[in-house]
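In what follows, a single structure is set out as structure tokens and then discussed.
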Amino acid sequence: MSSASADVAIIGGGLIGTWTAFFLARRGQRVVLLEKDVVGAQSSGTNFGNLRLQGRFPGQYPLALRSHDLWEDFEPLIGEGCEFARTGHLYCAFDAEEQARLEAYAQVSEQHGLMIERLAQPDLRKRFPWLGGRAVAATFSARDATANPRLATPAVARAARRLGVEIRENARVTAVARHGAGFVVTTADGAELGCGALVNAAGAWAVEMAECFGETAPVFAAGPPQFVTEPLPFLMAPSLQTIDGSVIARQTERGNVILAGYPRTAADAVANRAPVPPAKTLAAMRALAGLVPALAHAHVIRVWSGIEGYLPDMIPVIGRSETTPGLFHAFGFCGHGFQIGPGVGLYLSDMIVDGAKPAALEPFSIARFRTAATVSDKFHKEFDHPGMGAQATSPRSGQGKAAQPTVDPPGRE
């Protein structure tokens with residue numbers, strides 16, 4: 001018999017798990033959240049902090065826009081801040097081909113109600129004189145924003161606790177099983193928890209939970225290198241990104257410039273390590289200096305990464321299990337989960353409490369992996385470890401299809 005019980009158990013204490021716990025508690029559910037480490041220890045607390053709207057996967061816009069409403073209301077909703085700033089997002093192209101891609105992304109964004117400003121080179125240099133001459137065109141989305149990931153997830157967790165959520169850190173789940181109409185979850189210390197519904201938000205480790213119930217997805221672990229410079233005179237108000245992914249940068253109010261390295265690098269989900277090769281730091285700084293010459297002599301003072309779960313189509317799994325009533329999945333966010341986290345938590349809570357079927361989650365069903373996994377055209381460009389692509393097309397995961405065009409460009413939150 002279980003020694004404790006809850007209406008809902010959530011495995012994973014990242015941003016997805018904590019937002020889900022928060023919204024479930026607001027609906028009167030008794031929730032226990034289980035985290036193998038500490039809340040926000042991996043990608044939720046170590047990502048770039050970009051709340052990017054322009055250029056997303058088309059099917060993600062309803063979810064992204066609802067999430068952005070919640071980010072904009074973060075402080076009154078959660079009770080404390082997360083350094084949310086409506087900085088805008090400047091997306092740069094280096095040649096005519098990239099400009100055409102930029103225009104395609106802009107048109108999709110506008111179809112979903114996002115206002116996009118197009119800037120030709122003369123206007124671009126006049127408005128942002130700190131840019132060098134490489135960029136030939138850009139689009140600007142004024143609603144895009146940034147937040148501090150090191151603050152956001154712990155703040156949501158504290159708000160969830162105030163609503164009665166029990167959060168167990170250093171509680172590694174060792175077994176999950178069906179028990180009657182619900183589930184029993186066992187942790188490494190031998191404790192058992194009975195629950196009516198179970199949320200699998202375990203990030204790069206989530207497929208282990210899914211396979212306990214006859215489901216799988218070709219998830220693999222990777223880490224986006226992140227860097228921060230010394231404090232510098234304030235220069236860049238918007239977050240800055242290039243269409244080829246060579247530059248993803250923003251400057252904080254304190255003057256530090258934060259960069260996200262590209263491509264991603266291998267991570268070890270067993271050893272819980274996501275090392276950053278020094279060559280990536282140098283490559284990222286050279287690319288930044290080529291776009292923003294004033295930063296050519298900036299010094300990097302810290303380098304880090306976190307373990308993220310990726311799927312070959314670069315689209316997450318969100319929604320009901322196809323095999324087990326009461327089981328819900330939310331994993332494989334491919335470096336794009338920070339912005340959509342609040343909406344995922346809200347919609348999952350509606351599904352669990354009301355039995356709702358949110359249209360916004362239809363593109364993300366785990367059922368798509370019953371057949372061969374589609375491989376995004378950007379998948380191979382974003383990863384540089386020889387074994388990483390093989391993990392996504394292994395016999396266990398299904399043979400990968402030919403690359404399919406996507407509208408979600410290289411980049412990360």
Side-chain angles (χ1 to χ4, degrees), residues 1-36 39-40 44 63 67 70 77-78 153 156-187 191-203 205-206 208-210 212-213 215 316-331 333 337 340-358 360-361 364-366:
M1 294 294 292
S2 301
S3 59
S5 66
D7 296 323
V8 185
I10 299 172
I11 302 173
L15 196 66
I16 304 298
T18 54
W19 273 114
T20 303
F22 172 79
F23 283 116
L24 283 168
R26 279 173 40 117
R27 300 292 306 274
Q29 298 292 293
R30 294 180 301 119
V31 181
V32 175
L33 185 150
L34 304 167
E35 165 55 42
K36 69 180 183 61
V39 164
S44 293
L63 176 58
S67 296
L70 294 166
L77 183 66
I78 298 301
T153 302
V156 177
R158 285 190 289 269
R161 275 195 174 107
R162 289 193 292 271
L163 291 172
V165 173
E166 180 184 348
I167 297 178
R168 301 183 189 176
E169 296 180 308
N170 300 303
R172 183 171 61 87
V173 173
T174 56
V176 288
R178 195 76 167 145
H179 182 76
F183 303 87
V184 172
V185 182
T186 306
T187 51
E192 290 187 341
L193 173 69
C195 58
L198 179 64
V199 177
N200 175 17
W205 300 266
E208 300 172 21
M209 305 302 164
C212 292
F213 301 99
E215 296 180 294
V317 167
I318 314 169
R320 287 182 173 82
S321 163
E322 293 291 311
T323 64
T324 310
L327 173 63
F328 300 83
H329 298 299
F331 62 84
F333 286 87
I340 60 174
V344 173
L346 177 63
Y347 287 134
L348 283 178
S349 68
D350 289 344
M351 295 178 80
I352 293 167
V353 178
D354 302 328
K357 296 181 179 180
L361 299 187
F364 309 110
S365 173
I366 197 171

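Rounding to the nearest 0.5 Å gives a distance of 12.0 Å between CE of Met351 and CG of Leu346. With rounding to the nearest 0.5 angstrom, the CG atom of Leu34 is 8.5 Å from the SG atom of Cys195. Atom CG in Leu24 sits 12.5 Å away from atom CZ in Arg30 (nearest 0.5 Å). The distance from atom CD1 of Ile11 to atom NZ of Lys36, rounded to the nearest 0.5 Å, is 12.5 Å. Atom CZ in Phe23 sits 12.5 Å away from atom CD1 in Ile352 (nearest 0.5 Å). Note that the CD atom of Glu35 and the OG1 atom of Thr153 stand 10.0 Å from one another [nearest 0.5 Å].
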Practice task
Would you sort out whether Arg172 and Thr187 count as a side chain to side chain contact (heavy atoms under 4.5 Å, CB included), showing the intermediate values?
Solution key: CA-CA 5 Å; Arg172 183 171 61 87; Thr187 51; over 6 Å; no
Exercise for the section: Before giving the answer on side chain to side chain contact (heavy atoms under 4.5 Å, CB included), spell out for Ile366 and Phe331 the whole-Å C-alpha distance, their side-chain angles and the decisive distance to 0.1 Å. Expected result: CA-CA 10 Å; Ile366 197 171; Phe331 62 84; 4.1 Å; yes
Practice task
Please lay out, stage by stage, how Leu63 and Val344 fare under the test side chain to side chain contact (heavy atoms under 4.5 Å, CB included).
Solution key: CA-CA 7 Å; Leu63 176 58; Val344 173; 3.9 Å; yes
Exercise for the section: Start with the C-alpha gap between Val185 and Glu192, add the side-chain angles, then the distance that decides, and say whether side chain to side chain contact (heavy atoms under 4.5 Å, CB included) holds. Expected result: CA-CA 6 Å; Val185 182; Glu192 290 187 341; over 6 Å; no
Under 3.5 Å, sequence neighbours excluded: what are the donor-acceptor pairs made by side chains of residues 12-22?
{"from": "Thr18", "atom 1": "OG1", "to": "Gly14", "atom 2": "O", "distance (Å)": "3.0"}
{"from": "Thr18", "atom 1": "OG1", "to": "Leu15", "atom 2": "O", "distance (Å)": "3.1"}
{"from": "Thr20", "atom 1": "OG1", "to": "Ile16", "atom 2": "O", "distance (Å)": "2.7"}

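Looking at heavy atoms from C-beta onward, Val199 lies in side-chain contact with Val8 at the 4.5 angstrom threshold.
Applying the salt bridge (Lys or Arg N to Asp or Glu O under 4.0 Å) rule to pairs touching residues 12-22 yields nothing, sequence neighbours excluded. Residue pairs meeting the salt bridge (Lys or Arg N to Asp or Glu O under 4.0 Å) criterion with at least one partner in residues 319-328, sequence neighbours excluded, are Glu322-Arg370. Pairs of residues two or more places apart, or lying in two chains, that qualify as side-chain hydrogen bond (donor to acceptor under 3.5 Å, both in side chains) and include a residue from residues 342-353 are Arg27-Asp350.
Closest non-hydrogen pair, Ala330 versus Leu348, comes out as CB-CD1, 3.8 Å. Smallest separation of non-hydrogen atoms from Ser67 and Ile340: OG-O, 3.0 Å. Across Thr323 and Pro325, no two heavy atoms sit closer than the pair O-CD, 3.9 Å. The shortest non-hydrogen separation linking Ala157 to Val39 is CB-CG1, 3.8 Å.
In summary, of the residues considered (Leu70, Leu77, Val156), a side chain to side chain contact (heavy atoms under 4.5 Å, CB included) with Pro342 occurs for Leu70 alone.
In this view, Glu166 and Val32, Arg168 satisfy the side chain to side chain contact (heavy atoms under 4.5 Å, CB included) rule, not counting sequence neighbours. In terms of the ring pair (Phe, Tyr, Trp, His ring centres under 6.0 Å) criterion, Phe364 has no residue partners (sequence neighbours excluded). Every residue two or more places apart in sequence or in another chain that forms a side chain to side chain contact (heavy atoms under 4.5 Å, CB included) with Thr324 is listed here: Arg178, Phe183, Phe213, Ser321, Leu327.
With hydrogens and angles disregarded, no donor-acceptor distance shorter than 3.5 Å links the side chain of Asn200 to the backbone of Phe328.
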